Amino acid sequence: MRIRIHRGTREIGGTCIELESAASRILLDLGLPLDATDPASAPLPGVDGLADGSSGLLAIVLSHGHRDHWGLVPRASPRIPLVMGRATESIMRAAADFIPDGVALNAAQHLEHGKRMQIGPFAILPRLVDHSGFDAYAMEIEADGKRLFYSGDLRAHGRKARLFEALIETPPRDVDVMLMEGSSLGRLAQDEAFPTEEALEEVFVERFRETPGIALVACSAQNIDRVVTVYRAAKRTGRTLIVDAYAAEVLKATGTDSIPKPVAGWPNLAVFIPQRQRQQLKQKGIAPLVDSYRAFRIWPGQLAGHGARSVMLFRGWMMSDPDVVNVLAGARLFWSQWDGYLRDGSPGAALRADCERRDIPFEVVHTSGHASPGDLKRLAMAVSPRRLIPVHTFERLRFPELFNNVMLVDDGEWIDV
Ligand SMILES: [Zn+2]
Ligand SMILES: [Zn+2]
């Protein structure tokens, strides 16, 4: 088996790793580069058969549903089978009608935790991991008697932290090459750690208690861990979490009983559909979609009465909604995503400026979707691969300082496993 990383040896974004055994190949991830302004014109990696689906390229395997791991798939030949988690597929489908450049990808096969699958000469054992993206997998891959372990994106401080501990306790054995993400390197010092989702819940509880009006939380509806954190903090402070139709559909699409969603049995949850979204649903002919949660609806004209008893999952464009405008007295806004999205010129910066104009206090309450350096060290020690190759990092030169057996490679270089 040999591999080449098309993108990711020196950056986060555009992840794409090609594996070859005999005359067969698969791709792990096919992400959109972070610097790509237009997905339609970003160049495809130089992988034979990617554009025309010609022989030998057996599948594209997606570790999870973040765009930096699947964003170029719509540009690839539709003849190439896709493999991803079941919830990843259904969340993407649910989101497709609501987000710009949303697409519904069809999986030919699903990754399942602990269930080995065979794609040509490649035996793949997916392992569900803790990450800010739901249904994310690391993968052990065996071919030609060689073993590769790809971490995907992962962390140890989220709501599924026990999955990381399980990985440490029963790590993949006899690994020839480990491809490990290093997103946190350069963002945190070696001895620093990101706060846990549980610690974040405590912060939200405190902040919601101090907020006289509605608490607006700007986070991704697809960051399911975070939505759960916000929901729990809302419930603990006697508030109702208000979500829009997009978040409602994404929560339903998780297909997981323990995730709050607008179905019978979930208290402290309501659905408010902003005017612009109501129009969108009509235009797309999908208005009946929301009928199933009529009982959870806060209707136009009713939101103002809910301010002090509510937390709302929020995005910048909602600020001008006529109902939202009427519920802003005493409101506070909590930014609960990467602060990189607050850089000058970004939509986050515009939201912050909007809050300033409206005298709405703005505060960042967030934790990373990626493992702290200390947790990466624990993982590398547990797996102890013969060679450890950095991916998904801007700081590959930090790897040799922190981990054993590091091999630095270049984008596009073939490596024998
Ligand atoms: Zn991710
Ligand atoms: Zn990523």
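In each ligand, atom 1 is the first atom listed, and ligand 1 is the first ligand listed. Both backbone and side-chain heavy atoms feed into the values below; hydrogens, waters and symmetry mates do not. Only a predicted model underlies this, so the values are computations on that prediction, with no experimental measurement involved.
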Exercise. Do Arg276 and Trp317 meet the cation-pi criteria used here (NZ or CZ under 6.0 Å from the six-membered ring centre, within 45° of the axis)?
Worked result: yes
Problem set entry | Geometry at the Zn ion (ligand 2) - His392 NE2 versus His69 NE2 angle, rounded to 10 degrees | 100°
Exercise. Which atom, among the N/O/S set of His64, is closest to the Zn ion (ligand 1)?
Worked result: NE2
Exercise. Nearest to the Zn ion (ligand 1), which N, O or S atom of His66 do we find?
Worked result: ND1
For this session: Check each of Phe208, Trp266, Phe204 against Tyr231 using the ring pair (Phe, Tyr, Trp, His ring centres under 6.0 Å) test, and report the only one that passes.
Result: Trp266
Exercise. Does any N, O or S atom in Asp68 come within less than 2.8 Å of the Zn ion (ligand 2)?
Worked result: yes
Problem set entry | Name of whichever N/O/S atom of Asp153 is nearest to the Zn ion (ligand 2) | OD2
For this session: Keeping the roles fixed (side chain from Arg226, backbone from His366), state whether a donor-acceptor pair exists under 3.5 Å.
Result: no
Problem set entry | Short N/O/S contact of His131 with the Zn ion (ligand 1) (below 2.8 Å) | yes
Problem set entry | Side-chain heavy atoms of Leu216 within contact of Phe334, under 4.5 Å | no
For this session: Please step through salt bridge (charged side-chain N to carboxylate O under 4.0 Å, His left out) for the pair Glu401 and Arg398, ending with a clear verdict.
Result: CA-CA 5 Å; Glu401 298 164 18; Arg398 303 283 303 279; 3.4 Å; yes
